[in-house]
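Let me begin by presenting the structure, written as structure tokens, before commenting on it.
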Amino acid sequence: MNNTIIVTGGAGFIGANFVLAWVKLGLGTVVNLDKLTYAGNLENLQEVQHNPQHIFVHGDIADKALMANLLAEYRPCAVVNFAAESHVDRSIHGPEDFIQTNVVGTFHLLESVRAYWNGLGAEEKSVFRFLHVSTDEVYGSLGKDDAPFTEHHPYAPNSPYSASKAASDHLVRAYHHTYKLPTLTTNCSNNYGPHHFPEKLIPLIIHNALKGQPLPIYGNGQQIRDWLYVEDHCAAIRRVLADGRPGEVYNIGGWNEKPNLEVVKTLCRILDAKQPRKDGQSYVNQITFVTDRPGHDQRYAIDASKLANELGWRPQETFETGIEKTVDWYLAHQNWVDNVTSGEYRNWVATHYTERGEELA
Ligand code: NAD
Ligand code: TYD
């Protein structure tokens, strides 16, 4: 065994940010296994394409033969599992892929890792970690005066996405409890930042604003999310991987609760300053209220004090600094946006927003 790690889903939004930072920090070799679904994009990994510290493997976490080979060949000291179907609206349209990857895929991955771990010597066994990246959405929805989610909050997932992530979290817990596999689970709030696929709120709004298209707000826009800059999430995962206690769960959040409408108006104001509309009007005029998401969770909020107190993690970015960096990244990477918003993306946008009363092809 050495300091090589296997990352799954490292061509997606958070996984790619994690891989890029890991290589940049010189923390060791990363073997990056990704199925390259619509959400996985090799362009996210261009910076490390020729770096020997990054090895990309195209494949599925559910492929046990492939996983067994990778584990035997690279003998990693950790597996970090980002691979998932991650979009709530898509889970409402078609839940099957979510069950397949998030539940069945995680199960097969756990089986592969358990077999590998069982075959290690005592010293290597004690060092090895399986870190499962999960979401605050497993805890369900909060009322406006409820305390933020702690790690002890009961699970109450409301969408097929969050239910499939909850199931995967339970499997990870059971593999620690039953087989003593040294697992770590992190439950994080909404991320934003570079390489975020423009089907999610923040990159969608930036994209549509610049294209002169409507900025769709579900329902009244008063739903609250707790936003964390993606690099802060990646730093938190590194802290948990280094010093988290096996079998434990760590909540990760930015202490940044914002109603959706406020987030969208903030984006409009930043864009007004950085890239004003040709007609001199504000991007706010493009805001349009559309049919709400079925079963829309009202509020998420994370209490990340366990991670802060035990492992000394704190986010580096405020929402104000993080959102500005994000807009700057999108303005500087219009080619990336153009490349990922072709084909399949257009079909999704056309179907999904037509149902909500908007034509957004
Ligand atoms: P994403 O959709 O951008 O990326 C997912 C990646 O997983 C893609 O590269 C995709 O190709 C890959 N993938 C999908 N199925 C696979 C399979 N069967 N085998 C191998 N690879 C597969 O997602 P993201 O936003 O980067 O989220 C990463 C993880 O973090 C997910 O587990 C998600 O639940 C969790 N999470 C996301 C957020 C958020 O705000 N985006 C917040 C908290 C937790
Ligand atoms: P999203 O980015 O899909 O993340 P999640 O559903 O996992 O929190 O959505 C963030 C919030 O923004 C959520 O309350 C739904 C809302 N939303 C809109 O109002 N309009 C949109 O077009 C999208 C994609 C999301």
Side-chain angles (χ1 to χ4, degrees), residues 7-19 32-42 44-45 57-63 66-67 80-92 97-98 100-102 104-106 108-109 132-138 141 159 161-162 164-165 168-169 186-193 195-205 208 214-228 230 233-234 237 252-253 258-261 263-264 287-293 296-300 302 340 349 352-353 356 358 360:
V7 163
T8 71
F13 164 46
I14 306 173
N17 277 285
F18 182 84
V19 166
N32 181 356
L33 171 75
D34 197 293
K35 189 177 174 183
L36 297 180
T37 67
Y38 78 91
N41 184 355
L42 285 178
N44 291 340
L45 298 163
V57 180
H58 185 198
D60 193 320
I61 54 168
D63 183 341
L66 173 65
M67 271 318 297
V80 184
N81 182 32
F82 292 93
E85 290 292 335
S86 70
H87 187 29
V88 173
D89 293 315
R90 285 188 192 251
S91 83
I92 295 168
D97 288 347
F98 289 73
Q100 193 52 46
T101 284
N102 301 359
V104 181
T106 304
H108 285 305
L109 181 63
H132 178 62
V133 179
S134 193
T135 166
D136 60 357
E137 303 194 23
V138 297
S141 183
S159 71
Y161 163 64
S162 54
S164 67
K165 290 297 289 186
S168 67
D169 292 7
T186 55
N187 293 88
C188 189
S189 61
N190 283 60
N191 283 214
Y192 66 99
H195 304 283
H196 204 183
F197 195 73
E199 65 184 355
K200 306 278 174 68
L201 180 70
I202 287 179
L204 179 98
I205 294 300
N208 285 15
L215 310 181
I217 309 276
Y218 298 166
N220 61 9
Q222 292 312 310
Q223 299 80 11
I224 291 169
R225 298 292 181 264
D226 183 354
W227 294 96
L228 181 67
V230 63
H233 184 191
C234 295
I237 292 172
I252 307 174
K258 307 263 181 225
N260 294 335
L261 190 55
V263 170
V264 173
I287 289 177
T288 161
F289 291 87
V290 300
T291 307
D292 207 353
R293 170 187 282 171
H296 199 169
D297 282 339
Q298 178 57 35
R299 174 178 166 235
Y300 304 140
I302 278 276
V340 302
V349 165
H352 178 63
Y353 290 97
R356 319 208 104 61
E358 280 299 330
L360 285 183

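Indexing begins at 1, ligand by ligand and atom by atom, following the structure's order. Predicted, not measured: the structure shown is a model, and the values here were computed from it. This chain uses plain numbering: 1 for the first residue, then up along the sequence.
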Per-residue contact class, Leu36 against ligand 1 - non-hydrogen pairs under 4.0 Å:
backbone
With atom 3 (O) of ligand 1 as the reference point, say which of Phe13, Tyr300, Tyr38 has the nearest heavy atom.
Phe13
Side chain, backbone, both or neither: Thr135 near ligand 2, heavy atoms under 4.0 Å:
neither
With heavy-atom distances below 4.5 Å as the criterion, would you say the side chains of Thr135 and Asp169 are in contact?
no
Just jot down the ligand 1 atoms closer than 4.0 angstrom to any heavy atom of Ser189, in number order.
42 (C), 43 (C)
If we set the cut-off at 4.0 Å for heavy atoms, which region of Leu201 has an atom near ligand 2: side chain, backbone, both, or neither?
both
Parallel, tilted or perpendicular: which one describes the rings of Phe82 and Phe18, with boundaries at 30° and 60°?
tilted
Any idea which atoms of ligand 1 are less than 4.0 Å away from a heavy-atom of Asp60?
17 (C), 18 (N), 19 (N)
For atom 16 (C) of ligand 1, the protein heavy atom that lies nearest, with its residue and separation:
Lys35 CB, 3.7 Å
The option among Leu228, Asp34, Leu66 carrying the non-hydrogen atom nearest to atom 9 (O) of ligand 1 is Asp34
For the residue pair Thr106 and His132, confirm or rule out a side-chain donor-acceptor distance under 3.5 Å.
no
Before signing off on this row, confirm whether Thr101 and ligand 1 have an N or O atom pair separated by under 3.5 Å.
yes
Could you list which atoms of ligand 1 come closer than 4.0 Å to a heavy atom of Gly59?
19 (N), 20 (C)
Numbered atoms and elements of ligand 2 in range of Glu199, under 4.0 angstrom, heavy atoms:
24 (C)
Working to the nearest 0.5 angstrom, can you tell me the gap between Ser189 OG and Trp227 CH2?
9.0 Å
May I ask you to list the atoms of ligand 1 that are less than 4.0 angstrom from any heavy atom of Phe82?
28 (C), 29 (C), 31 (C), 32 (O)
Starting from the C-alpha separation in whole Å, work towards a yes-or-no answer on side-chain contact (heavy atoms from CB on, under 4.5 Å) for His108 and Val104.
CA-CA 6 Å; His108 285 305; Val104 181; 3.6 Å; yes
Check whether any side-chain heavy atom of Leu33 lies under 4.5 Å from a side-chain heavy atom of Leu66, and answer yes or no.
yes
Would you indicate which of Ile252, Val80, Asn32, Asn191 comes nearest to atom 40 (O) of ligand 1 when only heavy atoms are counted?
Asn191
Hey, are the side chains of Phe289 and Leu261 touching, using non-hydrogen atoms and a 4.5 Å cut-off?
yes
Students should be able to answer this: which protein heavy-atom is nearest to atom 19 (N) of ligand 1, and at what distance?
Ile61 N, 3.0 Å
Thr37 heavy atoms, cut-off 4.0 Å: which ligand 1 atoms fall inside?
10 (C), 11 (O), 14 (C), 15 (N)
Measuring from non-hydrogen atoms of Ala62 to any atom of ligand 1, is the shortest distance under 4.0 Å?
no
Do Phe13 and Phe197 come within less than 4.5 Å of each other through their side chains, counting heavy atoms only?
no
Can you tell if the side chain of Asp97 reaches within under 4.5 Å of the side chain of Arg90, non-hydrogen atoms only?
no
heavy-atom search around atom 26 (O) of ligand 1 in the protein gives Ile14 N, 2.8 Å
Backbone or side chain, does any N or O of Asn190 fall under 3.5 Å from an N or O of ligand 2?
yes
Only heavy atoms of Ser134, strictly under 4.0 Å: list the atoms of ligand 1 that pass.
43 (C), 44 (C)
Quick one: do Tyr161 and His87 satisfy side-chain contact (heavy atoms from CB on, under 4.5 Å)? Show the steps, please.
CA-CA 7 Å; Tyr161 163 64; His87 187 29; over 6 Å; no
Are Tyr353 and ligand 2 in contact, using a heavy-atom cut-off of under 4.0 Å?
yes
Could you tell me whether His296 and ligand 2 have an N or O pair separated by under 3.5 Å?
yes
Contact atoms of ligand 1, heavy-atom distance to Gly40 under 4.0 Å
8 (C), 9 (O), 11 (O)
Between Ile302 and Asn187, the two heavy atoms sitting closest are CD1-O, 3.7 Å
Do Cys188 and Ile237 come within less than 4.5 Å of each other through their side chains, counting heavy atoms only?
no
Please state which protein non-hydrogen atom is closest to atom 32 (O) of ligand 1 and give its distance, to 0.1 Å?
Lys165 NZ, 2.6 Å
Would you mind listing which atoms of ligand 2 come within a distance below 4.0 Å of any non-hydrogen atom of Ile217?
19 (O)
Give the single entry among Ser86, Ala39, Ala84 that approaches atom 5 (C) of ligand 1 most closely by any heavy atom.
Ala84
Can you find a pair of side-chain heavy atoms, one from Tyr192 and one from Arg225, that are under 4.5 Å apart?
no
Could you report the tightest heavy-atom contact between Pro198 and Val340, atom names first, then the distance?
CD-CG2, 3.8 Å
Ligand 1 atoms nearer than 4.0 angstrom to some heavy atom of Tyr161 are 33 (C), 34 (O)
Which is closest to atom 17 (N) of ligand 2 by heavy-atom distance: Trp227, Tyr192, Tyr218, Tyr161?
Tyr218
Starting from atom 4 (O) of ligand 1, find the nearest protein heavy-atom neighbour and note its residue, name and distance.
Gly12 CA, 3.4 Å
Which atoms form the tightest heavy-atom contact between Ala62 and Gly105, and what is the distance?
CB-CA, 4.0 Å
Within the 4.5 Å heavy-atom criterion, are Val133 and His233 side-chain neighbours or not?
yes
How far is atom 30 (O) of ligand 1 from the closest protein heavy atom, and which atom is that?
Val133 CG1, 3.5 Å
Of the listed options Arg225, Gln223, His87, closest to atom 8 (O) of ligand 2 (non-hydrogen atoms)
Arg225
Can you name the nearest heavy-atom pair linking Pro203 to Lys200, along with the distance?
CD-O, 3.3 Å
Please tell me whether Thr8 and Asn81 have a donor and an acceptor in their side chains that are separated by less than 3.5 angstrom.
yes
Contact (N/O only, under 3.5 Å) between Asn260 and ligand 2:
yes
Any N/O pair Asn190/ligand 1 closer than 3.5 Å
no
For atom 6 (O) of ligand 2, what is the closest protein heavy atom, and at what distance to 0.1 Å?
Arg293 NH1, 2.5 Å
Please list, in number order, the atoms of ligand 2 under 4.0 Å from a heavy atom of Pro216.
18 (C), 19 (O), 20 (N), 21 (C), 22 (O)
Between His196, Lys200, Glu137, flag the one that comes closest to atom 5 (P) of ligand 2 by a heavy atom.
Glu137
When distances are taken from atom 43 (C) of ligand 1, the protein heavy atom at minimum range is Cys188 O, 3.3 Å
Heteroatom proximity flag, Leu204 to ligand 2, N/O under 3.5 Å:
no
Apply side-chain contact (heavy atoms from CB on, under 4.5 Å) to Tyr218 and Asp89, showing your working.
CA-CA 11 Å; Tyr218 298 166; Asp89 293 315; 2.7 Å; yes
Might you work through the side-chain contact (heavy atoms from CB on, under 4.5 Å) test for Lys165 and Glu137, ending with a clear yes or no?
CA-CA 8 Å; Lys165 290 297 289 186; Glu137 303 194 23; over 6 Å; no
